[in-house]
Each structure stands twice: as C-alpha cells, then as structure tokens.
There are 2 protein chains.
Amino acid sequence: MTVRHSGGGQPERTLALLWRNQRPAASDGRRSAGRRPSLDVDGVVRAGVRLADERGLDAASMGGVAKALGVGTMTLYTYVPSKEELLDLMVDEVLAERELPAPGEPRPTNWREQVEVYSEETRAMFQRHPWLARVSTVRPPVGPGMLAGREYLLSTLLPLDLSPRDTNTAALAITTYVDSAAGQEAESLQVERTTGQSHEAWWHERSDLWETYFDAGKHPAMTTIWHANGYQDTVREAATDAYRYGLDRLLDGIQAQSDAL
Amino acid sequence: MTVRHSGGGQPERTLALLWRNQRPAASDGRRSAGRRPSLDVDGVVRAGVRLADERGLDAASMGGVAKALGVGTMTLYTYVPSKEELLDLMVDEVLAERELPAPGEPRPTNWREQVEVYSEETRAMFQRHPWLARVSTVRPPVGPGMLAGREYLLSTLLPLDLSPRDTNTAALAITTYVDSAAGQEAESLQVERTTGQSHEAWWHERSDLWETYFDAGKHPAMTTIWHANGYQDTVREAATDAYRYGLDRLLDGIQAQSDAL
DNA sequence: GGCATTCTCGTATACCATACGGAATATCCG
DNA sequence: CGGATATTCCGTATGGTATACGAGAATGCC
C-alpha cells in the first residue's frame with residue numbers, strides 16, 4: 001500500500017527546505033551562535049533515500065535514518081520537521097535526478113521522442129527507487145524536481161498547438177499513465193527481488209486456481225486468449241509490452257487530435 | 001504510500017478463502033466438533049471494508065476490526081491467516097462489487113461504450129473505497145472479483161480482432177490507466193475530505209512558491225500555459241478532464257490499430 | 001462423563017513517530 | 001576571561017502496530 005504524507009502545518013518551512021539549493025543562500029549577517037550542527041538537510045535526505053533504495057521504504061524510519069547517520073533519533077527533528085516532510089524531500093530529490101533537457105538545451109526534434117525521453121527517465125527513476133511507487137502523488141512536494149518534470153513535459157506538447165487547456169490536460173494524462181505504469185513495473189521487479197520468488201513461481205503456487213476454482217464457462221474470453229496463446233511467456237514481458245503499447249496508443253490518440261486541427 | 005501484501009505462505013488456503021462463496025460448499029461429513037464459531041469470514045472481511053471506508057485504511061487494523069466485531073484481537077486469526085490475507089480478501093470483495101455484465105448478459109453494442117462501463121464501475125468502486133488506491137496491485141488477490149474484471153475487459157476487446165497477444169496487452173494498458181487514474185481521483189477527494197482542506201486552499205498556502213522561488217525563465221512552458229489561462233479553475237476539474245481525455249485518446253489509439261488491420 | 005476438537009483471547013515482543021525537557025557546546029558581549 | 005544566550009543533541013515516555021505462544025472455555029461424540 002501507499003504511504004501517507006501531506007505537507008504538514010508550516011508550508012513555508014517545507015517550501016524553504018524543498019528549494020534550499022536553488023536560491024543564493026540568503027546569508028544575512030547572523031552567522032553562528034550555539035552548537036555547530038553535525039549534519040545537514042542534504043545528508044539526512046540522502047541517507048533516507050539510500051536506506052529506502054537498499055532496504056525498502058519501511059527501513060527509512062526516523063530511527064533507521066538516525067542510526068545510519070550515527071546520531072540519536074530525535075536529532076533528525078532539528079533538520080526536518082517531521083517524517084512527512086522528510087518523505088517529501090526524498091521524493092523531490094529523486095524527481096530532480098531525471099536528466100530532462102532544460103529550456104534551450106538540445107533535445108530530439110520529434111515531440112514523441114521528447115516524450116519518450118520523459119518516459120525513459122521516469123522509468124529509470126522508478127527502477128532506481130522502487131519505493132517511490134508507494135508514495136502517494138496527491139499533493140506532491142512542489143519542489144524543483146517536480147516542477148522541472150512538469151515544465152519539460154509541457155514543453156514537449158506545445159508544438160502540437162492544442163488549446164492551452166488541452167495541452168495541460170494531455171500532460172496530466174501522460175504523467176498519470178507513465179508514472180503509474182513505471183511505478184508498477186519497478187515495484188514488480190522489486191517484489192521479485194525481495195521475495196526471491198519469480199512471478200512465474202508465484203503463479204505456479206496458485207495452479208489450484210485453474211484446477212479447482214476456474215470456471216471456463218464464466219470466463220470465455222480469458223479461455224479464448226489462453227488457447228490462442230495470447231499470454232506472454234513471462235509476467236515481465238507482458239508488463240513491458242503493455243507499458244510500451246499503452247504509451248504508444250495514448251500518443252497516437254494525442255497526435256490524431258493535433259492532426260485534426 | 002501503498003500498503004504491502006503478497007499472499008503469504010499457504011497459497012492454497014488463501015485461494016480457498018478467496019473463492020469461498022463460488023463453490024457448492026464441499027460439505028464433507030465432518031460437521032461439528034468443538035466450540036461454535038462466533039463469526040465468519042464474510043463478517044470479518046465486511047467489517048474490515050466498512051472500517052477502511054469510514055476511517056481509512058489504518059483503521060482497518062487487526063485490533064480495530066476485532067473491536068468493531070466485539071471480540072479479542074487474536075480471535076481474528078481463527079478466520080484469517082494474517083493481515084495480508086485479510087487485505088487480499090477485502091480487495092477482492094470490493095472488486096466483485098462492480099456490476100459488470102457477465103458473459104451472455106446484455107451490454108452496450110459499441111466496444112468503446114463497453115469499456116466505458118468498466119471505467120465507470122471502477123471509478124465508482126474507488127470512490128466508495130478510496131483506501132484501494134493505497135493497496136499495491138502487484139500480485140493481486142486472484143479471486144472472483146479480479147477475474148471477473150479481467151474477463152469483462154478482455155471480452156470488450158475481442159471484437160476488435162487484434163492479435164490475441166495485442167488484445168491482452170491492450171487490456172493491461174487500459175487497466176493500468178483506469179485503475180491508477182480512478183485511484184488518484186478517489187484519493188484526491190478523500191484527502192480533501194479528511195484534511196478538511198480543499199486543494200485550492202492547499203495551493204493558496206503555498207503561494208510563496210510563485211512569489212519567492214518560481215523562476216519564470218526556467219519554466220517558460222508553464223508560464224505560457226498560465227498566461228493563456230490553460231489551468232482549470234479547480235484541481236478536481238483538471239483531474240476529471242485529464243481522466244476522460246486520457247482514456248479517450250488511449251481508446252482512439254487502440255481503435256486506430258484495429259482499423260488499420 | 002470423559003475427551004478430542006475447536007474457538008477465544010491475555011500477555012509478551014519488537015517495532016513505529018514524536019512530545020518533552022534537560023544536557024552539551026558554540027558564539028557574543030562585557 | 002565569564003556569564004548570557006542560542007542552538008543542537010538525545011534519553012525517556014506514550015500510544016500505536018502485527019502476531020507468537022499457550023492457557024482456558026465451549027461444544028459434540030461415544
């Protein structure tokens with residue numbers, strides 16, 4: 001299931017944390033008074049990401065991150081207001097890892113290939129950080145990483161000359177598809193790795209389904225596809241094919257809209 | 001974030017629980033010996049669903065469900081092997097609530113309208129049970145509800161005469177899109193309800209983003225869309241439009257593939 | 001009535017986030 | 001050099017989670 005997070009009570013502090021590296025640093029006289037910090041926000045966030053990558057999202061607990069950094073649990077609260085915000089920071093950190101051409105930087109000429117870049121970078125991100133699939137995307141962290149992604153995707157669609165509203169709508173539809181399909185794929189691989197059991201073995205354990213419970217009369221379409229060899233050899237192949245196929249058809253549909261103008 | 005569940009160690013018992021109401025009951029002599037049960041599996045599952053509906057997935061803890069049923073926590077383990085399985089049973093229960101025409105039952109003539117039915121029933125399901133969006137869909141419960149959904153969707157696509165493999169692939173792509181978009185929508189409404197804060201209020205709290213951090217030079221596409229009034233009035237409208245738009249374009253693309261045969 | 005069988009559930013374990021308050025350590029100011 | 005002040009560090013306590021274990025209660029069969 002998915003982990004909750006919302007943004008907490010002080011949106012201003014959260015924004016300042018999210019954008020901590022994007023602005024000059026605002027060095028206002030007041031320099032140093034009091035004990036020197038032994039950590040910094042980036043270190044805490046990176047430790048959280050590393051733990052989640054290596055041992056799953058649950059391992060990125062406040063206690064776990066603190067132990068990884070060699071400090072007491074409560075020390076983290078000096079750097080981050082709560083677990084929710086830490087998660088937001090982790091999410092935006094990895095969103096920003098995607099290497100999406102900034103405005104003015106070289107990119108493929110074809111809009112579909114540009115969307116391809118978004119898709120592949122996002123897929124790679126989910127592969128590196130499968131725990132992302134378990135974090136809710138409603139009210140996401142509005143940090144540099146998320147905005148860069150939205151900006152790039154919108155920019156790929158502008159040449160289609162859809163109405164501004166349709167352009168935005170199309171971008172939302174694409175992110176919905178890409179993010180969830182890429183997330184499912186990554187989670188699927190992750191489950192095979194952490195359980196040490198392939199999906200095929202998992203299905204094999206459930207062969208009773210077909211022998212005992214499945215009623216071909218109630219499932220004629222499935223039965224037809226089955227007998228016509230419509231099921232791929234592996235679950236992974238099926239998922240990969242479905243990802244590509246769905247994205248291609250979605251882009252076909254958007255292209256057709258644009259052509260009809 | 002999403003909640004984990006995999007299926008546990010005894011797939012046969014899990015399958016028997018999932019399909020408990022689909023088979024005659026297998027009354028083998030051995031009837032009664034020992035203390036009479038005070039509950040049954042259906043009651044436990046329904047209590048779990050009701051709690052999750054009313055107070056969120058976290059409220060459907062083993063202790064919470066037991067308290068709602070007026071028994072001790074450990075009593076539940078007589079009916080259900082673990083929390084994982086309970087969750088699987090809850091998921092298949094609500095998947096089965098969708099009123100999808102069975103083979104032979106009347107349905108729209110047009111394949112797109114048939115997919116529409118799947119989409120709307122699934123959307124309604126997520127609205128009734130927003131916690132579903134937080135449950136992982138890798139290795140889902142292979143019960144009657146899930147199979148009925150797959151069967152129906154495949155059956156809507158057969159008339160397109162795609163290859164068996166493409167038919168299956170297209171069905172996977174559609175469920176990926178519909179399930180995740182419907183889940184996001186439901187979760188979004190849920191968040192507004194439980195936090196008591198509209199998305200607009202949430203964005204308003206973050207107006208510092210635009211005033212302090214946003215750099216129009218780095219985000220020309222967003223800025224263009226903004227000035228062209230490309231953003232809907234409410235987040236809800238934007239999400240609903242994106243859902244419809246994306247599904248329509250995806251189906252356009254699939255239709256085009258079929259026409260090209 | 002005895003006894004096998006089955007259900008019931010209190011207790012213990014090991015996690016989780018975080019409120020609170022006090023101790024440690026740094027600079028600033030006199 | 002000596003407080004005063006500011007800041008970080010973190011032990012402890014609280015209330016939550018799933019579930020292993022084993023004792024106790026209720027039932028039907030003989």
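Below, read A as the first sequence line, B as the second, and so on, with proteins coming before strands; counting in each chain starts at 1.
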Identify each donor-acceptor pair in which a side-chain atom of residues 62-78 of chain B lies under 3.5 Å from a protein atom, sequence neighbours left out, and give them as a table.
unit_1	atom_1	unit_2	atom_2	d
B/Thr75	OG1	B/Gly72	O	3.4
B/Thr78	OG1	B/Thr75	O	3.2

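A side-chain contact (heavy atoms from CB on, under 4.5 Å) with A/Thr194 is found for one member of A/Glu192, A/Gln197, A/Gln190 and no other, namely A/Gln190.
One atom, CD of A/Glu85, and another, C1' of C/dT18, lie 13 Å apart when rounded to the nearest Å. Note: OH (B/Tyr77) to P (C/dG10) measures 14 Å, nearest angstrom. Distance B/Leu86 CG to D/dA18 P: 10 Å, rounded to the nearest Å. Summarising the geometry, the separation between CG on A/Leu76 and C1' on C/dA19 is reported as 15 Å, rounded to the nearest angstrom. Counting to the nearest Å, the C1' atom of C/dG22 and the CZ atom of A/Arg35 are 12 Å from each other. The CG-P distance, from A/Leu69 to D/dT8, rounds to 16 Å in whole Å.
Comparing C/dC7, D/dC9, C/dT18 against the side chain of A/Lys83 picks out C/dT18 as the nearest. Closest to the side chain of A/Thr75, from the set C/dT18, D/dC10, C/dT8, is D/dC10. Of the candidates D/dT8, C/dT5, C/dC20, C/dT5 carries the atom nearest the B/Ala33 side chain, counting heavy atoms from C-beta on. Closest to the side chain of B/Met74, out of D/dT8, C/dG10, D/dG11, is C/dG10. Of the candidates D/dA6, D/dT19, C/dT18, the closest approach to any side-chain atom of A/Thr73 belongs to C/dT18.
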| task | Let me see the working for B/Arg206 and A/Glu12 under salt bridge (Lys or Arg N to Asp or Glu O under 4.0 Å), right down to the final yes or no. | result | CA-CA 7 Å; B/Arg206 281 154 188 75; A/Glu12 284 148 35; over 6 Å; no
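When each of A/Gly70 and B/Gly34 is assigned the nucleotide of DNA chain D bearing its nearest heavy atom, the one mapping closer to the 5' terminus is A/Gly70. Mapping A/Ser61 and B/Tyr79 onto DNA chain C by nearest heavy atom places B/Tyr79 closer to the 5' end of the strand.
Within residues 36-52 of chain A, the residues that place at least one heavy atom under 4.0 Å from DNA chain D are, in residue-number order, A/Arg36, A/Pro37, A/Ser38.
Two residues are said to be in side-chain contact when any heavy atoms from C-beta on lie closer than 4.5 Å; A/Leu172 and A/Tyr177 fail this criterion.
Salt bridge annotation for A/Glu84-A/Arg139: absent, with no cationic side-chain nitrogen under 4.0 angstrom from a carboxylate oxygen. Between A/Arg193 and A/Glu54 no salt bridge is recorded (no basic side-chain N to carboxylate O distance below 4.0 Å).
Within 4.0 Å (heavy atoms only), A/Met62 reaches sugar-phosphate atoms of the nucleic acid but no base atom. Using a 4.0 Å heavy-atom distance criterion, A/Gly72 is classed as a sugar-phosphate-only contact.
With sequence neighbours excluded, the residues that form a salt bridge (Lys or Arg N to Asp or Glu O under 4.0 Å) with B/Glu97 are B/Arg128.
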